[in-house]
Structures are given as structure tokens and as C-alpha cells.
Amino acid sequence: MAMYEEYTLRDGTTKFIKKVEGRSLQQEMKLLGISEKDILSMQLVTKPSSK
């Protein structure tokens with residue numbers, strides 16, 4: 001299982017990013033192309049690893 005951060009945005013969309021040790025919240029938001037004001041909620045989820 002892999003850990004992902006799930007971002008639910010104010011426009012109703014959902015974005016996922018794989019958790020990487022040492023990566024900051026600001027780095028994750030930059031990779032996703034979002035800002036703090038775009039985020040409605042965030043949560044840590046597990047998903048099966050794709051091989």
C-alpha cells in the first residue's frame with residue numbers, strides 16, 4: 001500500500017499526490033499547481049501500489 005495526500009479543492013475537484021518523506025506541503029502544492037486558498041480539505045489515504 002502506498003500513502004497519498006488527497007486534496008479536495010473549492011471547485012469540487014480532487015487531486016492526489018504520493019507522499020514522499022521530506023517533501024513539504026508547499027512543495028506538494030507547487031507540484032499540483034494549487035495554492036492554500038484553493039484547498040477545501042486534505043487527508044492522508046492509502047491506495048494499493050500499482051506494479
Side-chain angles (χ1 to χ4, degrees):
M1 294 280 195
M3 300 295 287
Y4 288 83
E5 193 77 45
E6 175 186 88
Y7 295 89
T8 303
L9 307 180
R10 293 187 185 276
D11 66 2
T13 60
T14 303
K15 294 193 176 197
F16 293 90
I17 190 165
K18 188 172 184 175
K19 288 300 290 179
V20 175
E21 189 174 333
R23 186 163 53 194
S24 70
L25 175 61
Q26 288 77 19
Q27 290 170 324
E28 288 181 355
M29 290 189 304
K30 186 175 181 180
L31 288 171
L32 293 172
I34 60 175
S35 66
E36 279 189 55
K37 67 180 183 177
D38 298 325
I39 300 170
L40 181 63
S41 70
M42 38 190 276
Q43 64 183 1
L44 192 60
V45 295
T46 57
K47 288 184 168 187
S49 298
S50 58
K51 292 185 177 182

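Atom CZ of Arg10 sits about 8.5 Å away from atom CG of Asp38, to the nearest 0.5 Å. Here the CD-CG distance, from Glu6 to Leu44, works out to 10.0 Å after rounding to the nearest 0.5 Å. For the atom pair CD (Glu21) and NZ (Lys19), the distance works out to 10.0 Å, reported to the nearest 0.5 Å. Atoms OG1 and OH, on Thr14 and Tyr7 in that order, are 13.0 Å from each other to the nearest 0.5 Å. Atom NZ of Lys47 is separated from atom NZ of Lys18 by 11.5 Å, given to the nearest 0.5 angstrom. To the nearest 0.5 Å, atom CD of residue Gln26 and atom OG of residue Ser35 are 11.5 Å apart.
Residues Arg23 and Ile17 approach most closely at NH2-CG1, 3.7 Å, considering heavy atoms. When all heavy atoms are compared, the tightest approach of Leu32 to Lys15 is O-NZ, 3.2 Å.
Note on Leu40 and Phe16: separate hydrophobic clusters, where clusters join Ile, Leu, Val, Met, Phe, Trp and Tyr whose side-chain heavy atoms are under 4.5 Å apart, directly or indirectly. Linking ILVMFWY side-chain heavy atoms closer than 4.5 Å, directly or via other members, places Ile34 and Met42 in a single hydrophobic cluster.
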*Kindly indicate, with the supporting measurements, whether the criterion side-chain contact (heavy atoms from CB on, under 4.5 Å) is fulfilled by Gln27 and Val20.*
CA-CA 11 Å; Gln27 290 170 324; Val20 175; over 6 Å; no
